[in-house]
Amino acid sequence: MDRNLALELLRVTEAGALAAAPLQGRGDKMGADGRAVEAIRSALASVDMRGTVVIGEGEKDEAPMLYFGEQIGNGLEPELDVAVDPIEGTSLTAAGLPGAISVIALAERGTMFTTHVHYMHKLVVGRRARGVIDLDMDVEWNLRRIAKAEGLPPQELTVVVLERPRNADVIAQIRDVGARIKLITAGDVGGALEAALEMRFGIHCMMGSGGSTEGVLAACAVKALGGDMQAKLLLRDDDDSKVAVKEGHQPNKVLSIDDLCSGNNIFFAATGITSGELLKGVRYEDVYAYTQSMVLRSASGTMRIVDAYHPIDKLRVKELLPEQVVARPGTA
């Protein structure tokens with residue numbers, strides 16, 4: 001694990017973003033997702049690793065996906081768990097809205113949480129509030145603890161919440177405390193990263209439920225950044241409960257960040273598809289396609305923001321850019 005695999009993952013998420021980007025704003029979620037999946041699968045095939053997909057997005061929506069248990073990489077050491085979402089924010093991509101990213105994380109084999117239960121409750125904070133949260137306690141208790149750690153009154157906190165009917169009670173409780181809320185329509189990996197990087201984005205925590213795949217991906221990134229996270233499976237019905245029991249998970253158990261990813265060597269990469277606060281999206285400039293990515297490595301604690309320019313003619317050779325996409329200077 002002396003190699004910095006995060007830099008190898010960079011070209012994987014770049015490939016996913018570049019493949020999906022031509023379908024920005026075209027209303028075709030499945031088409032964009034399918035292009036990203038195939039691009040990521042192809043890019044991963046040449047990475048020196050023996051990877052196993054332990055959790056991935058797509059199953060709950062019957063969308064294109066890298067499937068659970070799929071072996072990826074070229075079969076060489078090291079042996080790794082893989083969490084992947086070729087497009088985190090397919091609806092954002094299809095509508096041309098900000099914040100869609102292509103994202104992947106790796107860690108030592110057997111260290112990532114895996115489940116077929118689709119949703120989980122989440123609570124994410126940055127470095128300052130590490131160790132003060134408890135998902136078994138109510139919203140007000142947690143916000144007051146986070147505020148004390150941040151050196152702020154609770155009313156000055158800003159909380160990211162995924163805008164879903166199931167999060168209505170959490171939203172009401174946050175407003176009862178008087179804290180600000182940033183509602184997002186999709187992309188809660190990005191929301192978790194903003195919370196973990198509180199000094200950069202002015203976001204102090206993320207609360208509410210979202211996808212389980214996004215939860216594991218977020219945990220990998222948050223741990224690499226030195227933040228903290230807890231989660232709990234959201235069991236919506238008897239079928240979810242049966243799945244959880246079959247997998248050996250305890251209902252209502254609070255999962256710590258180490259339960260979600262216990263690895264000490266975590267690698268994470270994300271590339272913007274549509275421009276958002278976290279990352280700039282793909283844009284076409286004369287003969288180049290531009291990408292911006294975030295690359296994390298837990299062992300060193302390094303965060304890299306990487307701007308890259310990809311020759312459009314070479315992308316067409318790789319089938320990442322269709323012939324019908326015409327780039328003009330300054331267009332996105």
Side-chain angles (χ1 to χ4, degrees), residues 1-20 30 32-88 90 101-118 189 211-221 223-224 243-244 246-249 258-271 293 295-299 318-320:
M1 298 293 285
D2 292 335
R3 287 166 40 224
N4 189 351
L5 285 165
L7 294 177
E8 297 183 47
L9 292 186
L10 170 62
R11 62 184 178 83
V12 173
T13 55
E14 284 178 342
L18 288 163
M30 293 299 186
D33 214 13
R35 283 181 57 84
V37 166
E38 290 310 311
I40 282 180
R41 183 178 278 124
S42 177
L44 282 169
S46 62
V47 176
D48 287 344
M49 67 174 183
R50 190 185 308 158
T52 301
V53 176
V54 298
I55 193 163
E57 190 66 4
E59 183 183 66
K60 71 174 182 283
D61 300 319
E62 298 182 354
M65 65 181 291
L66 289 118
Y67 59 84
F68 284 68
E70 182 171 351
Q71 302 297 304
I72 55 178
N74 62 11
L76 300 177
E77 296 293 338
E79 194 170 359
L80 301 167
D81 283 352
V82 181
V84 59
D85 195 351
I87 302 181
E88 210 248 330
T90 52
I101 59 176
S102 183
V103 59
I104 190 169
L106 307 177
E108 303 97 320
R109 186 76 180 103
T111 61
M112 281 190 195
F113 185 79
T114 182
T115 184
H116 287 79
V117 177
H118 297 317
V189 173
S212 295
T213 297
E214 291 90 340
V216 175
L217 283 163
C220 293
K223 187 171 182 178
V243 170
K246 183 178 179 181
E247 293 174 339
H249 301 312
D258 288 329
D259 291 324
L260 295 166
C261 184
S262 61
N264 294 314
N265 291 285
I266 302 166
F267 306 94
F268 175 94
T271 300
S293 305
V295 184
L296 306 174
R297 185 187 187 191
S298 65
K318 295 178 182 178
E319 298 184 346
L320 292 177

Atom CE in Met30, atom OG1 in Thr90: separation rounded to 0.5 Å? 7.5 Å
Hits for side chain to side chain contact (heavy atoms under 4.5 Å, CB included) against Glu38, two or more places apart or cross-chain, chain-then-number order -> Arg41
Less than 4.5 Å apart, side chain to side chain, heavy atoms only: is that true for Ile104 and Val82? yes
Can you spot which of Thr115, Val53, Thr114 makes a side chain to side chain contact (heavy atoms under 4.5 Å, CB included) with Phe68? Thr114
Taking C-beta and beyond as the side chain, do Ser298 and Lys223 meet within less than 4.5 Å on heavy atoms? no
Does Asp85 reach the side chain of Leu217, with side-chain heavy atoms less than 4.5 Å apart? yes
Worked verdict on Thr52 versus Glu70 for side-chain hydrogen bond (donor to acceptor under 3.5 Å, both in side chains): CA-CA 6 Å; Thr52 301; Glu70 182 171 351; over 6 Å; no
Arg11: partners by salt bridge (Lys or Arg N to Asp or Glu O under 4.0 Å), with sequence neighbours left out: none
Applying the side chain to side chain contact (heavy atoms under 4.5 Å, CB included) test to Asp81, which of Thr111, Ile55, Val216 qualifies? Thr111
Is any side-chain heavy atom of His118 closer than 4.5 Å to a side-chain heavy atom of Ser212? no
Atom of Cys220, atom of Met112 and distance for their closest heavy-atom approach: SG-CE, 3.8 Å
Are side-chain heavy atoms of Phe267 and Glu8 found at a separation under 4.5 Å? no
Mind checking what makes side chain to side chain contact (heavy atoms under 4.5 Å, CB included) contact with Ala218, not counting sequence neighbours? Ala192, Met229
Have a look at Val47 and tell me which of Val12, Leu80, Leu106 forms a side chain to side chain contact (heavy atoms under 4.5 Å, CB included) with it. Val12
Qualifying residues under side chain to side chain contact (heavy atoms under 4.5 Å, CB included), relative to Asn264, sequence neighbours excluded: Glu108
A side-chain contact here means heavy atoms from C-beta on lying under 4.5 Å apart; do Val295 and Leu7 qualify? yes
Test salt bridge (Lys or Arg N to Asp or Glu O under 4.0 Å) applied to Asp48 - qualifying residues, sequence neighbours left out: none
For Thr13, check side-chain hydrogen bond (donor to acceptor under 3.5 Å, both in side chains) against everything at least two apart and list the hits. Thr271
Could you check if a side-chain atom of Pro78 sits within less than 4.5 angstrom of a side-chain atom of Asn265, using non-hydrogen atoms only? no
Going by heavy atoms in the side chains, are Val103 and Phe268 under 4.5 Å from each other? yes
